[in-house]
Every structure is written in structure tokens, then in C-alpha cells.
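Shown next, in C-alpha cells, is the structure this report addresses.
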Protein chains: 2
Amino acid sequence: MGKVHEPLCILDENCPLRQMFDLVGDRWTSSVLFVIGEDVKRYSDLQRQIPGVSKKMLTQTLRRLEQAGLVSRKVYPVVPPRTEYRLTAMGKSILQPVTALADWAVKHQSELKVMRKKHDAKE
Amino acid sequence: MGKVHEPLCILDENCPLRQMFDLVGDRWTSSVLFVIGEDVKRYSDLQRQIPGVSKKMLTQTLRRLEQAGLVSRKVYPVVPPRTEYRLTAMGKSILQPVTALADWAVKHQSELKVMRKKHDAKE
DNA sequence: CGGTATCCTAAAAGATACTG
DNA sequence: CAGTATCTTTTAGGATACCG
């Protein structure tokens, strides 16, 4: 009773939460996961649907997600080349939390916009 | 029928999803939100519970969250100073998605560890 | 205690060119 | 089309010192 401030956990390097936050803390990770979603996407699809991402960043993000076991990559040895990306089972399971985030964003977008305006006005 | 690949949305600068992903894409944002949680935290509490964050980064993250309307800051004009941080109503509402992410991380931590081992072994 | 201000380096990211 | 390689620039972030 009356016990407060007892930390739930310490977010150090080995904490799975911290690793998670670092993963989605990669600028393009959430976008890539979200855009692939349940679909199959080609490299160029991703580039088009995530404006502002460079080839370098897109490739880097995809490789990282592949290594984490969230994304699978299938290359067809044809010319011109064709590469397909999709989420693995584990990748699909992360879609729910990511989508929850996205839903939140949509729900609160006007509120957020107001705050941003207020802030911009001040400077 | 047979219609595929129609993008759900384009994640450009004005897209609320993109703004959300950019927000949690800040390295310390999720950690700070998660650690404050339903509690009241002092600056030094946060520093202690998020090892690795520097004053600079912590302050920057807190200011950003304040401006976004997710965190409120209360300064007591006493000496030594005392500052309290807590989540606003909107801030608390984002806790659910963030917690969903955290839960996912805990649930899949062993799977993720295996993938990391596999990858480390290859180089 | 809860910050700023300043400097400085390392890492991230952009631009461009090239390739199977 | 789907990348890689190289180079340059920008930015993030750490270290340190200082302040009310």
C-alpha cells in the first residue's frame, strides 16, 4: 500500500523491451512493416509507397528485418530482376501492435495537429 | 476480384501514420512514454530507469513529447529544483499501443535471440 | 536537482555512378 | 529492376563545463 515509483523494469541493453524500441526506433522499420502488411511487395512497390526513403535506406532496413526474421526475401533469377518481400509468420504477428500505433495516429491526428500549430506559432 | 497491390495509403510527409512512425522512430520516445506510464516521474527517475540516455537526449525527448501534447511538465520552484513529468490524457492513450509493442517483444524474445545468433554466426 | 551551452566526433544518410 | 560502391555532407549524439 502506498508503494509508488517501483520501476516496472530497467530498460538496459539486454531488456527485450529496449531491443524492441530500438527496432521500431529505426526510422523506416515501422513504415516498411506496415506497407508490406499481409501482401507481397516488390522493391519498387516499397520505394513508391514510402516516399522519401532512399534505395540505401530501404535496402538497409529490409536486410535488418530479414536478419531479425520478420521479413523474407525471394529473388527470381529473371531479367529484369524481380524480388518479392513478404512478412514471415513472426513479422505478421508484429503487425497488430504496429497497426495499433497507426490506428492511434489516425484517431488523434487532429489533436496532434492542434498541438503542432500551437508550437509553431510560438517560434 | 483479383485486385491486388492497391496501396492502403501512401506514407508521405502529411500522412498521420508517417508522423506517428517518425515520433516513435525517435530513439528514446517509446522508452520515455513507457517508463512514465501511469506514474509521476522526476527527471532523475527517468535518467536512472533508462540507462544510456544522456541529459541532452532525455531533455530533448521530453520537450518534444511536451510539444506534441503527450507529456506534461510541472516545475516546483524549490531548491534544489523538483520537476515532475506525467503523461497527459492523450499520452496515456498511446500507452496501449506502446505496451502492445512491449508485450510482443517479451513474447518473441527467444525467437528473436535465435535469429540474432544465426546472424552473428554468419559473420 | 534539473537543466543549458559549447564543442567535437562518429555515425547516418544523401548524391551519384555503376552493374548483373 | 534491384540493387552495390563510393564519396560527401549532415546530423545525432557524447563529453564537458557551467548555472539558478
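Below, read A as the first sequence line, B as the second, and so on, with proteins coming before strands; counting in each chain starts at 1. Only this structure's heavy atoms are used, side chains among them; waters, hydrogens and symmetry mates stay out.
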Here the distance between atom P of D:dC1 and atom CZ of A:Arg73, to the nearest Å, is 16 Å
Between NZ of B:Lys74 and C1' of C:dG2 the distance, given in whole Å, is 17 Å
Whole-Å distance, A:Asp45 CG to D:dG3 C1', equals 15 Å
Protein-proximity profile, nucleotides 12-20 of chain C, B/S/- by nucleotide at the 4.0 Å heavy-atom cutoff, equals -BB-----B
Rounded to whole Å, CD of B:Gln47 lies from P of C:dC1 at a distance of 10 Å
Check: Is the shortest side-chain N/O distance from B:Tyr85 to OP1 or OP2 of C:dG3 below 4.0 Å?
Finding: yes
Can you find a side chain N or O atom of B:Thr59 that sits less than 4.0 Å from OP1 or OP2 on C:dG2? no
Criterion salt bridge (Lys or Arg N to Asp or Glu O under 4.0 Å) on B:Lys107 and B:Asp103, from CA distance to verdict:
CA-CA 6 Å; B:Lys107 195 169 170 191; B:Asp103 289 345; over 6 Å; no
Pairs under 3.5 angstrom only: tabulate donor-acceptor contacts from the side chains of residues 24-33 of chain B to other protein residues two or more places apart or in another chain.
residue, atom, partner, partner atom, Å
B:Asp26, OD1, B:Arg64, NH1, 3.2
B:Asp26, OD2, B:Arg64, NH1, 2.8
B:Thr29, OG1, B:Leu23, O, 3.2

Heavy-atom closest pair (A:Pro97 atom, A:Ile94 atom, distance to 0.1 Å) is CD-O, 3.1 Å
Check: residues 69-81 of chain B side-chain donor-acceptor pairs under 3.5 Å, at least two apart:
residue, atom, partner, partner atom, Å
B:Arg73, NE, B:Tyr85, OH, 3.3
B:Tyr76, OH, B:Glu84, OE1, 3.2

field: Phosphate OP1/OP2 of C:dG2 contacted by B:Ser44 side-chain N/O (<4.0 Å)
entry: yes
Between CG of B:Leu58 and C1' of C:dG2 the distance, given in whole Å, is 10 Å
Between A:Arg116 and B:Gln67, a side-chain donor and acceptor under 3.5 Å: no
note: B:Arg63, atom CZ; D:dA12, atom C1'; distance rounded to Å ~ 18 Å
Between OH of A:Tyr43 and C1' of D:dG3 the distance, given in whole Å, is 6 Å
query = Under a 4.5 Å side-chain heavy-atom rule over Ile, Leu, Val, Met, Phe, Trp and Tyr, are B:Val106 and B:Leu95 clustered together?
reply = yes
